[in-house]
Number of protein chains: 2
Amino acid sequence: RRYDYVTDGDEIYRRSFATIRSETDRSHLPVSAETVAVRMVHACGQTDLIQHLVVTPDFVPAARAALAAGAPILTDAHMVVSGVTRRRLPADNDVVCHLRDPRVPALARDWGTTRSAAAVSLWADQLDGAVVAIGNAPTALFHLLEMIDDGAPLPAAIVGVPVGFIGAAESKDALLQHVSAVPLLTVRGRRGGSAMAASAINAVAQADEL
Amino acid sequence: RRYDYVTDGDEIYRRSFATIRSETDRSHLPVSAETVAVRMVHACGQTDLIQHLVVTPDFVPAARAALAAGAPILTDAHMVVSGVTRRRLPADNDVVCHLRDPRVPALARDWGTTRSAAAVSLWADQLDGAVVAIGNAPTALFHLLEMIDDGAPLPAAIVGVPVGFIGAAESKDALLQHVSAVPLLTVRGRRGGSAMAASAINAVAQADEL
């Protein structure tokens, strides 16, 4: 080899997680969320993410139990579908994104909303007890909260980490108003994204880090 | 609606890009890379990314010409495959990831390397004039550089933004040693990821932002 680098995949993970643990203070988080926080930092390469992370104490137990019982993972982005590591899922769980459903463009047009929000409306029959992972669109998270506020069945847990400059921080503030109603994980502010959403799901899906 | 938010997709993009432009200084970048930088900031929600971004003056012209001529996009991650917006591609370009190729596990074992690096070795016949987008594994970028150093055909342009704590910063430093050999884009340090890689490709693929 012409360069000096670690080539063992498991060893790269071990050293990465050890580096993250040595550089971060995770004392404000529930113990059950510790591996989730470490994996999310790993996904973005930034230790200061921890300070913006909010995880309710019931989030990991509720999401993990739901996945073990076969609950689907509902997401707003195909990148999250790609990012979920299938061999970590305990029950070969479905990972569902309706963004390319043929009904979506007309729904978005009729309602005057984004395709992401229109696709979330198609979760109606799947929401009860599901694990939600929103990693892209603030409008998707807003629409989910509107469905819940209007009496839709509650998911088992919500990962709500849309990213961006218009509505992302606000949508996560709105999610945090539901902290007593549903187990949730979010990252305050503009940061988020599909890699963070997928890494949270991957950490929840299996207690072992490797 | 129960919440106050923008629901027009194009308007969300326009306001996002305007916010990013008002909050960032892009004067150190080539003019041709301005829309790429803005789109990458949009993908991660962080304006300070700009300071860590390196784009050679030939990167956007070379990558754009290659895509217009039908060059494939070679990537190390299925999340990048999902993140490339097909309607922005000028020639219905292939987006290629060999990570699930059946030859990969044996190659990785035989060579004592990661599956990501082994998958990159399968680019050998496709590398000449291609657009490379590495958004996940430092070992994939190291392996690509080793292939190039050993005389492999040069790609038209390289997006090299692996993420993480073990080898990511070092692999990007090694990429920057090739700055006179190949048009390139990278983000110094630990930050990177599939969303950043895909956003760079999406910006290059089409000059119009919307």
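In what follows, every chain begins at residue 1, and chains take the letters A, B, ... in the order their sequences are listed.
Residue B/G45 comes nearest to A/V163 through the heavy atom pair N-CG2, 3.8 Å, listed as atom of the first residue, atom of the second, then distance. The shortest non-hydrogen separation linking A/P162 to A/A137 is CB-C, 3.7 Å. For the residue pair B/L29 and B/A37, the shortest heavy atom distance occurs at CD1-CB, 3.5 Å.
Ring pair A/Y5/B/F142 is parallel by interplanar angle, where below 30° counts as parallel and above 60° as perpendicular. By the 30° and 60° cut-offs, the orientation of the rings of B/F165 relative to A/H42 is parallel.
Interatomic distance, B/L67 CG to B/I201 CD1, rounded to the nearest 0.5 Å: 6.5 Å. Of the inter-residue distances, the one linking B/L210 atom CG with B/I12 atom CD1 reads 11.5 Å to the nearest 0.5 angstrom. Here CD of B/Q51 is found 7.5 Å from NE2 of B/H28. Values are rounded to the nearest 0.5 Å. Expressed to the nearest 0.5 Å, how far OG of A/S199 lies from CG of A/L49 amounts to 8.5 Å. Atom OG in A/S16 sits 10.5 Å away from atom CD in A/E209 (nearest 0.5 Å). Considering CD of A/Q206 and OG1 of A/T35, their distance stands at 10.0 Å, rounded to 0.5 Å.
A side chain to side chain contact (heavy atoms under 4.5 Å, CB included) with B/S32 is found for exactly one of B/V204, B/T56, B/V60, namely B/V60.
The main-chain N or O of B/S27 is found under 3.5 Å from a side-chain atom of B/D25 such that the two form a donor-acceptor pair. With hydrogens and angles disregarded, a donor-acceptor distance shorter than 3.5 Å links the side chain of A/D76 to the backbone of A/N136. Panel note: side chain B/R14, backbone B/G9; no donor-acceptor pair is recorded below 3.5 Å.
Side-chain contact check for B/Y13 versus B/R39: some heavy-atom pair is nearer than 4.5 Å. Side-chain contact between B/I50 and B/R26 is present, with heavy atoms from C-beta onward closer than 4.5 Å. In this structure the side chain of A/I134 never reaches within 4.5 angstrom of the side chain of A/T75, judged on heavy atoms. For the pair A/V36 and A/V55, the minimum side-chain heavy-atom distance is 4.5 Å or more.
At a 4.5 Å heavy-atom cutoff, A/E11 makes no contact with chain B through either its backbone or its side chain. In this structure, chain B has heavy atoms under 4.5 Å from both the backbone and the side chain of A/V6. For A/A43, the part sitting under 4.5 Å from any heavy atom of chain B is the backbone (N, CA, C, O) and nothing else. Heavy atoms of A/Q46 lying under 4.5 Å from chain B belong to its backbone as well as its side chain. Looking at A/T19, only its side chain comes within 4.5 Å of chain B, counting heavy atoms on both sides.
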So B/L176 and B/L184, side chain to side chain contact (heavy atoms under 4.5 Å, CB included) or not? Walk me through it.
-> CA-CA 8 Å; B/L176 286 167; B/L184 63 85; 3.9 Å; yes

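When the heavy atoms of residues 185-198 of chain A are compared with those of chain B, the residues falling under 4.5 Å are A/R190, A/R191, A/S194, A/A195, listed by number. Listed in order of number, the residues of residues 110-130 of chain B that approach chain A to under 4.5 Å between heavy atoms are B/W111, B/G112, B/T113, B/T114. For residues 81-107 of chain B, a heavy-atom distance under 4.5 Å to chain A picks out B/S82, B/G83, given by residue number. Proximity to chain A among residues 144-161 of chain B is limited to B/L145, B/E146, B/D149, B/D150, judged by heavy-atom separations below 4.5 angstrom.
For the set A/E170, A/M79, A/R15, the count of heavy-atom pairs under 4.5 angstrom toward chain B peaks at A/M79. The choice from A/V80, A/T139, A/T47 that makes the most heavy-atom pairs within less than 4.5 Å of chain B is A/T139.
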